[in-house]
Student: 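Before anything else, here's the structure in question.
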2 protein chains.
Amino acid sequence: MADLAYHRVYSELTAQIKHGQYSDYRLPDERTLSEQFGVSRSTIKRALGILVNRGIIFQKQGSGTFVNPLYFKSRPLFNYTGDNIGITDSLVKDGQKQSIKVLHFHVQKAKDEVAESLFLQPNEFVYRIERLRLVDDQPFMIEIGYLPIRLVPELNESVIQSSLYNYLQEEQHLMVTKSFLNISAEPSTEEDQKLLQLKPTEPVGLMEGIFFTDSGTPIEFSRMRIHYRYMQYNSFVSLS
Amino acid sequence: MADLAYHRVYSELTAQIKHGQYSDYRLPDERTLSEQFGVSRSTIKRALGILVNRGIIFQKQGSGTFVNPLYFKSRPLFNYTGDNIGITDSLVKDGQKQSIKVLHFHVQKAKDEVAESLFLQPNEFVYRIERLRLVDDQPFMIEIGYLPIRLVPELNESVIQSSLYNYLQEEQHLMVTKSFLNISAEPSTEEDQKLLQLKPTEPVGLMEGIFFTDSGTPIEFSRMRIHYRYMQYNSFVSLS
DNA sequence: AAGTGGTCTAGACCACTAC
DNA sequence: TAGTGGTCTAGACCACTTA
């Protein structure tokens with residue numbers, strides 16, 4: 001992934017923006033970038049397109065390409081900057097300590113919704129992984145994940161005490177790079193209140209969705225119940 | 001917009017998928033589509049890319065292009081299928097009656113956050129539009145929007161009783177096609193409870209963000225407080 | 001008029017999947 | 001081995017903004 005031309009351009013531009021290289025909020029024009037990076041304008045457009053899709057820059061026809069000044073002001077829960085799309089890589093932590101407490105771990109036959117979401121054969125088995133995630137010892141998320149055992153035959157309890165997706169990448173050469181999420185909210189249950197240290201009037205955010213590997217295989221169905229103060233999601237949408 | 005080649009391909013494919021044309025979940029390969037539509041493969045890829053970004057289809061290298069069976073099962077609050085990205089065009093309603101009640105409407109000097117979000121000059125003026133939105137007489141959203149008067153000089157109270165973005169499109173030839181949203185949740189205030197008919201333990205979803213015209217000009221900063229049962233947001237993310 | 005992003009093409013070659 | 005999606009190029013021409 002990292003050796004692709006468009007990805008190299010994307011990474012370098014992102015780093016430059018983060019380091020404040022474009023303090024006037026203006027990037028060089030596409031033809032200049034094409035020369036600077038030694039790639040075609042199409043490849044530059046592709047790299048810029050990723051930045052646009054994440055809301056980091058925006059482009060105005062006839063005018064130029066500009067950094068979105070709002071992007072770095074918001075404090076979302078997730079910020080996809082690593083290789084993987086999972087929590088560990090995405091969590092905005094700024095030096096805070098991330099930790100995981102395993103609540104339950106076992107194998108079961110996939111129920112309907114899970115089987116459907118993961119495109120499983122009938123009667124296929126999945127791991128059910130229930131974990132509590134904390135930042136600086138403050139619990140902020142209850143996470144229930146389902147993974148087909150067929151895809152990850154050798155999972156065990158010690159693996160899931162830390163980042164599952166890092167394990168998949170390093171030990172199984174699986175990168176998890178796509179997700180389809182549904183986001184909502186509801187009043188907290190008594191269990192939410194206990195685990196996430198919430199008052200009865202305080203709600204949880206819900207994120208539920210499917211995660212895919214780089215090659216398009218659905219690998220996890222996940223339900224997350226999130227302390228409302230940690231629930232921040234950024235979304236850039238463009239109808240074109 | 002509708003006369004662009006990639007957009008035509010996108011529209012026709014979307015319609016075909018909705019009408020169940022690909023009941024085996026498999027689309028023709030890109031080279032075949034290229035011939036069928038009489039456009040280059042690059043243009044086909046662009047159209048397919050939009051469908052991928054919205055989570056409607058997914059592609060597997062070496063294997064093919066497939067319809068996402070989950071897409072049509074979820075019931076999000078928004079579903080961007082119209083020309084504009086606004087509520088009116090996007091709200092999934094299925095024959096339900098949509099209505100708007102104007103709570104407040106006036107002109108004021110833009111405060112810091114608004115001015116920053118809309119890239120305004122110092123001391124520029126904005127409309128402040130506070131509306132309650134209902135579906136089938138059930139209130140589901142309090143919406144506070146700010147628009148620069150410079151961009152829409154002739155707004156008045158009768159216009160905002162119905163869709164603002166439809167007015168902008170028809171009377172001002174402005175299409176609103178991009179948005180940068182931040183999504184979160186919090187306990188409801190007393191005013192929320194009164195306007196949205198919520199119990200004290202029931203929360204609101206928050207959506208806050210900037211809306212851009214097709215040419216990239218920020219045209220509205222909006223804060224939405226949403227009845228939690230109506231708060232459903234779909235997001236497809238791909239790290240590439 | 002000059003500069004910038006947007007659209008589109010035709011084709012080469014690579015990487016992965018299925019048979 | 002054939003078929004499919006992924007990457008990348010070099011260039012033409014259009015649309016919009018700014019001066």
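Predicted model, so just to flag it, every value in this text is computed and none were measured. Chain naming here is simple, since letters A, B, ... match the order of the sequence lines and numbering starts at 1 in each.
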Student: Can you tell me the distance, in whole Å, between the CG atom of A:Leu51 and the C1' atom of C:dG5?
Tutor: 15 Å

Student: Does B:Ala110 have any side chain to side chain contact (heavy atoms under 4.5 Å, CB included) partners at least two apart in sequence or in another chain, and if so, which?
Tutor: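 Listed in chain order: B:Val114, B:Ala115, B:Leu120, B:Val126.
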
Student: Between A:Lys111 and A:Glu113, does any NZ, NE, NH1 or NH2 come within less than 4.0 Å of an OD or OE carboxylate oxygen?
Tutor: no

Student: Nearest-Å distance, CD (A:Glu30) to P (D:dC14)?
Tutor: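 One finds 18 Å between P of D:dC14 and CD of A:Glu30, rounded.
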
Student: Between B:Leu33 (CG) and D:dG3 (P), how many Å, whole number?
Tutor: 16 Å

Student: Can you find a side-chain donor-acceptor pair between A:Ser11 and A:Thr14 that sits under 3.5 Å?
Tutor: no

Student: If you measure from the Lys or Arg side-chain nitrogens to the Asp or Glu carboxylate oxygens, is any gap between A:Arg31 and A:Glu35 under 4.0 Å?
Tutor: no

Student: For A:Leu27 and B:Arg31, find the nucleotide of DNA chain C closest to each by heavy atoms; which residue's nucleotide sits nearer the 5' end?
Tutor: A:Leu27

Student: With a 4.0 Å limit, can you tell me whether B:Gln59 has a side-chain N or O closer than that to the phosphate oxygens OP1/OP2 of D:dG6?
Tutor: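 Affirmative; the distance criterion is met.
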
Student: Starting at atom CD1 of A:Ile50, determine the distance to atom P of D:dG6, rounded to an integer number of angstrom.
Tutor: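 Computing the A:Ile50:CD1 to D:dG6:P distance gives 13 Å.
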
Student: Under the salt bridge (Lys or Arg N to Asp or Glu O under 4.0 Å) rule, what pairs show up with a residue in residues 143-164 of chain A, not counting sequence neighbours?
Tutor: A:Glu124-A:Arg150, A:Arg131-A:Glu143, A:Arg133-A:Glu143

Student: Under the side chain to side chain contact (heavy atoms under 4.5 Å, CB included) test against A:Leu147, which residue among A:Leu118, A:Ile129, A:Ile160 passes?
Tutor: A:Ile129

Student: Please state how far atom CZ in B:Phe37 lies from atom P in C:dT7, giving the value in whole angstrom units.
Tutor: 18 Å

Student: Report the residues that fulfil ring pair (Phe, Tyr, Trp, His ring centres under 6.0 Å) with B:Tyr167, sequence neighbours left out, ordered by chain and then residue number.
Tutor: none

Student: Measure from CD on A:Glu35 to P on C:dT4 and round the result to the nearest Å.
Tutor: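 Distance, rounded to whole Å: 12 Å.
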
Student: Please identify each residue that fulfils ring pair (Phe, Tyr, Trp, His ring centres under 6.0 Å) with B:Tyr22, with sequence neighbours left out.
Tutor: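 Here no residue qualifies.
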
Student: Return the orientation label for the A:Phe105 and A:Tyr127 ring planes: parallel under 30°, perpendicular over 60°, tilted otherwise.
Tutor: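 Correct class here is parallel.
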
Student: A:Asp29 has an atom CG; how far is it from atom P of C:dA2, in whole Å?
Tutor: 16 Å

Student: Could you go over nucleotides 8-10 of chain D and give all protein N or O partners under 3.5 Å, atom names and distances?
Tutor:
{"unit_1": "D:dC8", "atom_1": "OP1", "unit_2": "A:Ala5", "atom_2": "N", "d": "2.6"}
{"unit_1": "D:dC8", "atom_1": "OP2", "unit_2": "A:Tyr6", "atom_2": "N", "d": "3.3"}
{"unit_1": "D:dT9", "atom_1": "OP2", "unit_2": "A:Ser40", "atom_2": "N", "d": "2.9"}
{"unit_1": "D:dT9", "atom_1": "OP2", "unit_2": "A:Ser40", "atom_2": "OG", "d": "2.7"}
{"unit_1": "D:dT9", "atom_1": "OP2", "unit_2": "A:Thr43", "atom_2": "OG1", "d": "2.4"}
{"unit_1": "D:dA10", "atom_1": "N6", "unit_2": "A:Ser42", "atom_2": "OG", "d": "3.3"}

Student: In whole angstrom, give the distance that lies between atom CZ of B:Arg26 and atom P of C:dT17.
Tutor: 14 Å

Student: Find every protein N or O atom lying less than 3.5 Å from an N or O atom of nucleotides 15-19 of chain D, and list the pairs.
Tutor:
{"unit_1": "D:dA15", "atom_1": "O4'", "unit_2": "A:Gln61", "atom_2": "NE2", "d": "3.4"}
{"unit_1": "D:dA15", "atom_1": "N3", "unit_2": "A:Gln61", "atom_2": "NE2", "d": "3.2"}
{"unit_1": "D:dT17", "atom_1": "O4'", "unit_2": "A:Gly62", "atom_2": "O", "d": "3.3"}

